[in-house]
Amino acid sequence: LTLQRNIQFGMTRNLLSGCGLAVIVSVIGLVISTVSDNQKAMSVSLVLIAGYLLLGFISWLLIKFTAWQYAHTLFDEFLAS
């Protein structure tokens, strides 16, 4: 059970950090598409930014829950041994 909680916490943490990087890259894409006046690329960049921000917010909420679960499982297994 501890391994499963560790994997869940790690996945959530990696998802949150990946969303941060994806937002940065999408903003760079938005700036480049604005400079080159490409409307389709600007639309795609805005949709990606919104999606990654939403995913990052959900991950931020989930990381608190998964961290609590992981710590609780570690503590319970420590007391059981």
Side-chain angles (χ1 to χ4, degrees):
L1 187 61
T2 304
L3 179 62
Q4 180 183 359
R5 299 290 187 217
N6 188 9
I7 291 170
Q8 287 173 346
F9 177 70
M11 183 195 75
T12 308
R13 185 192 63 220
N14 291 342
L15 182 63
L16 183 60
S17 63
C19 285
L21 181 62
V23 167
I24 291 170
V25 170
S26 296
V27 167
I28 291 171
L30 180 65
V31 169
I32 291 172
S33 62
T34 303
V35 169
S36 65
D37 198 30
N38 189 345
Q39 295 297 324
K40 286 185 182 181
M42 284 192 327
S43 300
V44 169
S45 294
L46 287 172
V47 168
L48 287 175
I49 289 170
Y52 288 133
L53 285 175
L54 178 65
L55 192 60
F57 179 71
I58 292 170
S59 299
W60 180 72
L61 293 175
L62 283 175
I63 200 163
K64 294 179 180 184
F65 178 71
T66 55
W68 182 86
Q69 276 188 325
Y70 182 45
H72 188 71
T73 303
L74 277 175
F75 190 68
D76 283 347
E77 288 190 9
F78 173 73
L79 290 179
S81 62

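Every value quoted in this text rests on a predicted model; they were computed, and no experiment measured them.
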Is there a chain of hydrophobic side chains (I, L, V, M, F, W, Y, each step under 4.5 Å between heavy atoms) that links L46 to V44? yes
Which other residues belong to the hydrophobic cluster containing L3, where Ile, Leu, Val, Met, Phe, Trp and Tyr are joined when side-chain heavy atoms lie under 4.5 Å apart, directly or via other members? I7
Closest non-hydrogen atom pair, G29 against S45: C-OG, 3.6 Å
I need the minimum non-hydrogen distance between L30 and M42, along with the two atoms involved. CD1-O, 3.9 Å
Can you get from L55 to L16 by hopping between Ile, Leu, Val, Met, Phe, Trp and Tyr side chains that sit under 4.5 Å apart? no
If you look only at pairs with a residue in residues 51-68, which of them pass as a side-chain hydrogen bond (donor to acceptor under 3.5 Å, both in side chains), with sequence neighbours excluded? none
Consider only side-chain heavy atoms of I, L, V, M, F, W and Y, link residues closer than 4.5 Å, and tell whether V27 and L53 are in one cluster. yes
Quick one: closest heavy-atom pair of I63 and R13, and the distance? CD1-CA, 3.7 Å
Quick check for you: to the nearest 0.5 Å, what is the distance between I24 atom CD1 and C19 atom SG? 11.5 Å
Which Ile, Leu, Val, Met, Phe, Trp or Tyr residues join L62 in one cluster when any pair of side-chain heavy atoms under 4.5 Å counts as a link? L54, I58
Do L61 and F9 belong together in a cluster built from hydrophobic side chains that touch within less than 4.5 Å? yes
F57 and I49: same hydrophobic cluster, using ILVMFWY side-chain contacts below 4.5 Å? no
Reported CD-to-OG1 distance for the pair Q39 and T34, which is rounded to 0.5 angstrom: 8.5 Å
